[in-house]
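A short worksheet on the structure shown next.
Just follow the structure's listing: the first ligand is 1, and inside any ligand the first atom is 1.
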Amino acid sequence: MPTTRTALPSDAAAITELTVQLGYPGDIAATRHRLERLLARDDQLVLVASAGGKISGWLQAHAYDVLESGFIVEIVGLVVATDCRRSGAGRALVQQAQLWASTRHAQTLVVRSNILRTESHRFYPALGFTVSKTQTVYEKPVQHPSPA
Ligand SMILES: CC(C)(COP(=O)(O)OP(=O)(O)OC[C@H]1O[C@@H](n2cnc3c(N)ncnc32)[C@H](O)[C@@H]1OP(=O)(O)O)[C@@H](O)C(=O)NCCC(=O)NCCS
């Protein structure tokens, strides 16, 4: 059975390896720096799952207030190693996030998942999540004024 715990800065390399599986660049130093910042905040949750001493997955969740819909916890990242899937690690991580949301009196646990991540669209419904809307995500680089 996978177990879960709060991530540690020393988990950066294992987390980065899994992040690469998610399709993002693998920069251990940057991951460690972000982890240290996140772990210092009480509105952020970063968990790892481990099985047999090896880190098999991670989850990040963020708690925030939204004017129109109240206090929300959102899962902003979740991945389980390809060779550890279907062994309950994803479920265990989400259950811990649910517990964290509950202790903070959040109204809703939310997750947005790319339509291309096919497993996730079987996974979340199996855990009791329902589709609330379909969105298009827009982004734009932030311009920084050059120093005078
Ligand atoms: C989605 C993901 C996190 C699931 O992790 P996991 O550890 O394999 O999931 P679990 O073993 O806890 O599965 C729990 C239940 O979800 C359902 N489920 C999970 N993966 C499934 C799949 N590929 N097909 C059908 N059902 C699936 C099953 O009902 C499963 O229970 P069961 O194995 O007893 O039948 C994992 O597949 C993953 O990392 N995918 C790539 C990244 C991703 O999509 N992340 C989510 C982005 S928000």
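- The atoms of ligand 1 that sit less than 4.0 Å from any heavy atom of Ser113 are 47 (C), 48 (S).
- Taking only non-hydrogen atoms, the option from Leu18, Leu78, Val76 nearest to atom 46 (C) of ligand 1 is Leu78.
- Of all protein heavy atoms, the one closest to atom 25 (C) of ligand 1 is Arg122 CB, 3.4 Å.
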Output side-chain donor-acceptor pairs under 3.5 Å for residues 81-88, partner residues at least two apart or in another chain, one line each.
from, atom 1, to, atom 2, distance (Å)
Arg85, NE, Val80, O, 2.9
Arg85, NH2, Val80, O, 3.0
Ser87, OG, Cys84, O, 2.6

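- Annotation: atom 16 (O) of ligand 1 to nearest protein heavy atom, Phe123 CD1, 3.5 Å.
- For atom 42 (C) of ligand 1, the candidate residues are Asn114, Leu59, Leu22, Thr82; the nearest heavy-atom contact is made by Leu22.
- Between the CH2 atom in Trp100 and the CG atom in Leu59 there is a gap of 10.0 Å [rounded to 0.5 Å].
- The distance from atom CG of Leu45 to atom NE2 of His62, rounded to the nearest 0.5 Å, is 11.5 Å.
- At a 3.5 angstrom cut-off on N or O pairs, Glu119 counts as close to ligand 1.
- Comparing Arg86, Arg117, Gln95, Gln21 by heavy-atom distance to atom 28 (C) of ligand 1, the nearest is Arg86.
- Ranking protein heavy atoms by distance to atom 34 (O) of ligand 1, first place goes to Arg91 NH2, 4.3 Å.
- Where the criterion is an N or O separation shorter than 3.5 Å, residue side chain and backbone included, Ser87 meets it with respect to ligand 1.
- Annotation for ligand 1: atoms under 4.0 Å from non-hydrogen atoms of Ala126 are 16 (O), 17 (C), 29 (O).
- Backbone and side-chain nitrogen or oxygen atoms of Gly90 are examined, and one is located within less than 3.5 angstrom of a nitrogen or oxygen of ligand 1.
- For the pair Leu127 and ligand 1, the shortest N or O to N or O distance does not fall below 3.5 Å.
- At a 3.5 angstrom cut-off on N or O pairs, Val80 counts as close to ligand 1.
- Among all protein heavy atoms, the one lying closest to atom 11 (O) of ligand 1 is Gly88 N, 2.9 Å.
- Listed by atom number, the atoms of ligand 1 under 4.0 Å from Ser120 heavy atoms are 1 (C), 44 (O), 46 (C).
- With rounding to the nearest 0.5 angstrom, the CG atom of Leu78 is 10.5 Å from the CG atom of Leu18.
- Every atom of ligand 1 is numbered from 1 in the order shown, and the set under 4.0 Å from a heavy atom of Val79 is 39 (O).
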Distance-only donor-acceptor hits, side chain of residues 25-36, under 3.5 Å, sequence neighbours excluded:
from, atom 1, to, atom 2, distance (Å)
Asp27, OD1, Ala29, N, 3.2
Asp27, OD1, Ala30, N, 3.0
Thr31, OG1, Thr16, OG1, 3.0
Thr31, OG1, Asp27, O, 2.9
Arg32, NE, Glu36, OE2, 3.3
Arg32, NH1, Pro9, O, 3.4

